[in-house]
Visitor: 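One structure coming up, written as C-alpha cells, with questions to follow.
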Amino acid sequence: MQKAVVVIQCDITCRRCSGFACSQTFHDRVDFFEGYPEDTFYLAMTCGGCCGKGLSAKLSHFLQMSRKKLNLLPKDIAVHLASCITTDNRHFERCPHFDYMVAIIKKNGCDHIIEGTYLSQNAKKKRQAGVYKTYSPLTLKE
C-alpha cells in the first residue's frame with residue numbers, strides 16, 4: 001500500500017477551483033481514495049501549466065524531499081491525476097497533454113498512477129447521458 005498520495009491538478013482549472021472536493025474525497029477515503037490508511041501523507045500540486053512540462057521539476061522536488069524527510073521511495077507514492085485533467089467536465093475537456101504528463105510521472109519512477117479524484121453526481125449523470133465524453137479506465141469507477 002502506498003504511504004503517500006500526490007494529487008496533480010490542472011493549473012488553469014486551479015485558477016477558479018480550490019481543489020476542495022478532491023481533497024475532501026481523499027480525507028473521507030471515498031471513490032478513488034478508498035483503502036488508503038489514515039496516516040497516508042497527502043499533497044496536492046498543479047501540473048505547472050500547459051503543456052505540463054513544469055510537472056517534472058515539481059514532482060522531482062517532491063520525490064527528493066519525501067525521500068529526505070519521510071524516507072519514501074517512488075514506489076511508496078500514488079499519483080492521482082485529478083479529474084479536471086482526466087475527464088471531460090464542466091471546466092474543460094480531458095487535458096490534451098495527459099499522455100505527456102503520464103510519461104513524466106513514470107520517468108520520475110512513479111508507477112502507481114490513478115486517473116481521477118472526485119466525480120460529482122451531476123458529472124456522472126452528464127457522462128451517462130452522453131453530454132460528457134467517457135475515458136477508460138474511469139468507466140470502471142462510475
Side-chain angles (χ1 to χ4, degrees), residues 1-67 69-70 72-142:
M1 176 56 62
Q2 276 55 47
K3 299 174 185 174
V5 167
V6 175
V7 172
I8 299 170
Q9 300 167 311
C10 170
D11 191 72
I12 294 171
T13 300
C14 284
R15 294 176 191 168
R16 64 174 177 233
C17 176
S18 67
F20 180 86
C22 294
S23 295
Q24 188 64 51
T25 303
F26 171 78
H27 291 292
D28 291 344
R29 302 300 196 272
V30 295
D31 297 332
F32 294 94
F33 299 108
E34 287 179 20
Y36 287 110
E38 286 299 315
D39 62 347
T40 303
F41 182 86
Y42 175 86
L43 178 74
M45 68 173 72
T46 70
C47 65
C50 294
C51 63
K53 189 172 183 174
L55 176 60
S56 184
K58 293 173 102 175
L59 186 58
S60 177
H61 180 257
F62 170 74
L63 293 171
Q64 179 184 18
M65 296 306 294
S66 65
R67 192 175 301 116
K69 303 288 184 180
L70 304 172
L72 297 178
L73 298 172
K75 69 177 181 66
D76 299 320
I77 299 164
V79 177
H80 283 254
L81 288 164
S83 297
C84 57
I85 291 174
T86 63
T87 66
D88 185 14
N89 56 65
R90 74 181 184 94
H91 300 293
F92 302 102
E93 291 186 357
R94 182 180 179 128
C95 177
H97 308 292
F98 172 82
D99 292 330
Y100 179 61
M101 286 190 282
V102 169
I104 288 171
I105 295 165
K106 287 182 177 180
K107 186 176 181 180
N108 275 279
C110 298
D111 292 323
H112 195 80
I113 303 169
I114 297 92
E115 295 181 31
T117 48
Y118 168 77
L119 295 174
S120 72
Q121 292 302 314
N122 190 38
K124 288 178 185 179
K125 288 177 189 173
K126 287 185 177 184
R127 228 168 252 105
Q128 289 170 347
V131 175
Y132 292 159
K133 295 176 193 171
T134 301
Y135 300 88
S136 225
L138 285 174
T139 53
L140 302 174
K141 289 287 187 184
E142 294 188 285

Visitor: Stepwise, does the side chain to side chain contact (heavy atoms under 4.5 Å, CB included) test hold for Phe41 with Leu43?
Guide: CA-CA 7 Å; Phe41 182 86; Leu43 178 74; 4.0 Å; yes
Visitor: Give the table of side-chain donor-acceptor pairs shorter than 3.5 Å for residues 50-65, with sequence neighbours excluded, one pair per line with atom names and distance.
Guide:
| from | atom 1 | to | atom 2 | distance (Å) |
| --- | --- | --- | --- | --- |
| Lys58 | NZ | Thr46 | O | 3.2 |
| Lys58 | NZ | Thr46 | OG1 | 2.8 |

Visitor: Would the number of heavy atoms belonging to other residues, nucleotides or ligands and lying under 6.0 Å from CZ of Arg90 be above 12?
Guide: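 It does not: Arg90 CZ has 12 such atoms or fewer within range.
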Visitor: Nearest 0.5 angstrom please: Thr40 OG1 to Met1 CE, how far?
Guide: 7.5 Å
Visitor: Given Leu81, which partner from the list Val7, Ile8, Thr87, Ile114 fulfils the side chain to side chain contact (heavy atoms under 4.5 Å, CB included) test?
Guide: Ile8
Visitor: Roughly how far apart are Phe33 CZ and His80 NE2, rounded to 0.5 Å?
Guide: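 Going from the CZ atom of Phe33 to the NE2 atom of His80 covers 4.5 Å.
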Visitor: Between CG of Asp28 and CD of Glu34, what distance do you get to the nearest 0.5 Å?
Guide: 11.0 Å
Visitor: Taking all heavy atoms of Cys110 and all of Val79, pick out the closest pair and write down the distance.
Guide: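 Scanning both residues completely, I find the closest heavy atoms to be CB-CG2, 4.0 Å.
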Visitor: Sort and list the pairs that fulfil salt bridge (charged side-chain N to carboxylate O under 4.0 Å, His left out) and have at least one residue in residues 7-25, not counting sequence neighbours.
Guide: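 For residues 7-25: Asp11-Arg15.
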Visitor: Side chain of Ser83, backbone of Thr117: donor and acceptor closer than 3.5 Å?
Guide: yes
Visitor: Would Met101 and Cys47 count as a side chain to side chain contact (heavy atoms under 4.5 Å, CB included) here? Give the steps.
Guide: CA-CA 8 Å; Met101 286 190 282; Cys47 65; 3.6 Å; yes
Visitor: Check whether Phe92 forms a cation-pi arrangement with Arg94 (NZ or CZ under 6.0 Å from the six-membered ring centre, at most 45° off the ring normal).
Guide: no
Visitor: Does the separation of the ring centres of His27 and Tyr42 fall below 6.0 angstrom?
Guide: yes
Visitor: Do the non-hydrogen side-chain atoms of Ile85 and Gln9 ever get within less than 4.5 Å of each other?
Guide: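 They are not in side-chain contact.
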Visitor: To the nearest 0.5 Å, how far apart are CZ in Phe98 and CD in Glu115?
Guide: 3.5 Å
Visitor: Where the side chain of Asp88 meets the backbone of Lys133, is there a donor-acceptor pair that is under 3.5 Å apart?
Guide: yes
Visitor: Mind checking the CD1-CG spacing from Ile77 to Leu70? Nearest 0.5 Å is all I need.
Guide: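 The distance works out to 8.5 Å.
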Visitor: Should Leu73 and Arg67 count as side-chain neighbours, where that means a heavy-atom distance under 4.5 Å?
Guide: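 Yes, at least one pair of side-chain atoms sits under 4.5 Å.
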Visitor: Looking at CZ of Phe26 and CG of Asp31, how far apart are the two atoms once the value is rounded to the nearest 0.5 Å?
Guide: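 It is 13.5 Å, given to the nearest 0.5 Å.
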Visitor: Which heavy-atom pair separates Gln2 from Ala78 by the least distance, and what is that distance?
Guide: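 Smallest heavy-atom distance, with atoms named: CG-N, 3.3 Å.
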Visitor: Which atom names give the shortest non-hydrogen contact between Cys22 and Ala82, and what distance separates them?
Guide: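 It is SG-CB, 4.5 Å.
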Visitor: Might you point out which heavy atoms bring Arg127 and Thr134 nearest each other, and give the distance in Å?
Guide: CG-OG1, 3.1 Å
Visitor: Just by modelled atom types, is the Tyr118 backbone N or O under 3.5 Å from a matching donor or acceptor in the Thr25 side chain?
Guide: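 Such a contact is absent between Thr25 side chain and Tyr118 backbone.
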